[in-house]
Amino acid sequence: MSDALQDVVIVGGGLVGGLCALLLAEGGVPVTLLDAAPPPSASLLAQRDARVWALSPANISLLERVGVWARVSRHAAYTGMQVWNREHRGVLRFGQDDPAIPDQVSDQWLGSMVEPSVLALALHAQLLAQPLIRLQHDCRVQQIEWYSQYWQVVLATGDVLNTRLLIGADGANSLVRRCAGIGVKTLDYRQTALTCAIRTEQPHQGIARQVFLRGGPLAFLPMCELPNEPVTGTWQSVVWSLPTVDAGDLAAADDATLMQALSAASGYVLGDVIALQSRGQFPLRAQQAERYVMQGLALIGDAAHVVHPMAGQGVNLGLLDAAVLADALLHDRARGLWAHLQTLDRYAARRSIPNQLMMHGLSALGWLQSTAHPAVMWGRGEGMHWLEQHPNLLDRFNQQASGWPDLRQTRYSAAKNALPS
């Protein structure tokens with residue numbers, strides 16, 4: 001069977017693809033959203049994820065706009081961040097230390113940590129509530145092909161979808177990207193990130209912490225307690241980047257050994273690690289698609305770019321992709337156009353350069369912080385100490401990380417947070 005020609009089909013029903021669908025539907029565009037995963041279960045809320053996503057204020061505002069944020073059942077706002085190197089002087093502090101953290105989105109927030117499963121449930125509920133979105137779960141795409149004026153998507157069920165615009169939001173191993181013949185440039189860090197949830201002796205006080213070690217950065221990120229737990233502010237998500245061999249050894253260690261290793265590596269910044277749950281690990285690499293768009297097709301999120309997790313910017317970059325693309329498409333729709341190649345090129349121009357800068361910047365930072373060359377070690381310590389003495393620069397970095405500068409030229413900007421032109 002073959003559907004009539006659709007305006008847009010999005011492959012990938014995760015947070016980035018889901019936000020794009022909701023923004024387009026808000027603008028009156030019917031959307032077909034294909035998700036290979038089954039519907040999320042509410043039972044996920046009874047357990048703690050190993051990882052969290054550090055959502056920026058700008059992206060939280062986007063999720064508020066489309067009704068997802070109001071459905072988020074738990075999250076851990078953070079108002080401060082500390083970054084230091086165990087072997088050299090200099091501690092970078094962003095935001096505020098230990099304030100009374102507002103319950104609602106506030107200018108004091110640097111962002112909020114949310115477990116992927118919690119966001120998945122909130123997103124799914126809002127997608128179902130949007131009548132212009134046709135959501136299909138357990139949906140396997142078998143073939144994608146361009147037919148002069150439209151893309152044809154063949155599903156494993158034999159169903160056929162024809163669309164004037166195909167959006168690939170299907171992750172780092174994107175089928176949409178491969179079928180379109182778009183190559184990728186990849187940088188393998190030869191590292192693995194260990195993840196887990198931990199409880200520390202001392203509370204995190206709404207501060208995200210990251211220490212640079214010889215093997216790679218170790219991050220302690222605030223987490224929210226489960227519904228049946230007392231609020232102690234001592235649960236955190238760990239992301240520890242290590243050479244793959246070292247990561248394998250620690251992954252195989254028992255809980256007591258891993259907790260002791262985490263406590264020592266952090267310099268006992270919050271005392272001992274006293275509990276550990278939900279282990280995981282994933283290989284680290286940077287990746288950039290050779291192009292983001294072609295006739296009738298656009299890539300967003302990890303399908304277009306993958307960055308090192310040390311700054312927590314991966315999902316934030318993807319959400320900004322969705323907002324910039326939706327804004328460009330809706331602008332043209334108001335003029336009677338749809339998915340014109342110039343429109344898609346404009347999206348690509350606005351997103352590919354900042355994403356590349358972030359990817360290469362994080363790669364360079366990772367190398368600077370992990371190399372043992374004496375001159376580099378001295379220079380990075382002095383550089384951090386110099387930055388520590390220039391709070392205006394730190395404020396500028398914080399403003400960029402907030403995501404507001406990337407939204408200032410879209411309909412989703414907030415005037416009070418946008419930087420001057």
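Sequential numbering from 1 along the given sequence is applied to the chain's residues.
Taking all atoms of both residues into account, the shortest heavy-atom contact from Leu123 to Leu19 is CD1-N, 4.3 Å.
Using a 4.5 Å heavy-atom threshold, the side chains of Leu119 and Leu63 count as touching. Here the side chains of Leu161 and Trp151 are not in contact, with every heavy-atom distance at 4.5 Å or above.
Residue pairs meeting the salt bridge (Lys or Arg N to Asp or Glu O under 4.0 Å) criterion with at least one partner in residues 71-83, sequence neighbours excluded, are Arg74-Glu115. Applying the ring pair (Phe, Tyr, Trp, His ring centres under 6.0 Å) definition to pairs two or more places apart or across chains, those involving residues 110-129 are His124-His137. Under the salt bridge (Lys or Arg N to Asp or Glu O under 4.0 Å) criterion, no residue pair touches residues 292-301, with sequence neighbours excluded. Residue pairs meeting the side chain to side chain donor-acceptor pair (under 3.5 Å) criterion with at least one partner in residues 13-24, sequence neighbours excluded, are absent.
Classification of Glu229 and Arg48 as a salt-bridged pair holds, one side-chain N sitting under 4.0 Å from a carboxylate O.
Using a distance-only test at 3.5 Å, with no hydrogens or angles considered, no donor-acceptor pair links the side chain of Arg190 to the main chain of Asp188. Put simply, the side chain of Arg279 gets close to the backbone of Ala251: a donor and an acceptor are under 3.5 Å apart. When atom types are taken as modelled, the side chain of Ser352 and the backbone of Ala348 share a donor-acceptor pair closer than 3.5 angstrom.
Remark: Thr157 pairs with Leu155, Asp159 by the side-chain contact (heavy atoms from CB on, under 4.5 Å) rule, at least two apart or across chains. Taking Asp327 as the reference, Arg411 meet the salt bridge (charged side-chain N to carboxylate O under 4.0 Å, His left out) condition, with sequence neighbours excluded. Applying the side-chain contact (heavy atoms from CB on, under 4.5 Å) test to Arg164 and every residue at least two apart in sequence or in another chain returns Leu5, Asp7, Trp338. Not counting sequence neighbours, the partners of Asp272 by the side-chain contact (heavy atoms from CB on, under 4.5 Å) test are Glu201, Ser263, Tyr268, Ile274. For Trp235, there are no ring pair (Phe, Tyr, Trp, His ring centres under 6.0 Å) partners, not counting sequence neighbours.
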Only distances under 3.5 Å count here; give the side-chain donor-acceptor pairs of residues 138-145 to other protein atoms, sequence neighbours excluded, each with its distance to 0.1 Å.
unit_1: Gln143; atom_1: NE2; unit_2: Glu145; atom_2: OE1; d: 3.0
unit_1: Glu145; atom_1: OE1; unit_2: Tyr147; atom_2: OH; d: 3.4

Side-chain donor-acceptor distances from residues 294-302 under 3.5 Å, at least two apart:
none

N/O donor-acceptor pairs under 3.5 Å from side chains in residues 20-31, not counting sequence neighbours:
unit_1: Glu26; atom_1: OE1; unit_2: Arg65; atom_2: NE; d: 3.0
unit_1: Glu26; atom_1: OE1; unit_2: Arg65; atom_2: NH2; d: 3.3
unit_1: Glu26; atom_1: OE2; unit_2: Arg65; atom_2: NE; d: 3.1

Checklist entry - Would Arg199 and Thr234 count as a side-chain hydrogen bond (donor to acceptor under 3.5 Å, both in side chains) if you check the C-alpha gap in whole Å, the side-chain angles of each, and the deciding distance to 0.1 Å? => result CA-CA 5 Å; Arg199 187 177 179 187; Thr234 54; 3.1 Å; yes
Item to check | Test side chain to side chain contact (heavy atoms under 4.5 Å, CB included) applied to Val293 and Asp345, step by step | outcome: CA-CA 7 Å; Val293 302; Asp345 283 339; 3.4 Å; yes
Item to check | Audit row: Ser278, Gln47, side-chain hydrogen bond (donor to acceptor under 3.5 Å, both in side chains) steps and yes/no | outcome: CA-CA 9 Å; Ser278 306; Gln47 57 194 26; over 6 Å; no
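Between His75 and Trp53, the distance from one ring center to the other does not fall under 6.0 angstrom.
For the residue pair Gln281 / Thr192, no side-chain donor-acceptor distance below 3.5 Å is found, with atom types taken as modelled.
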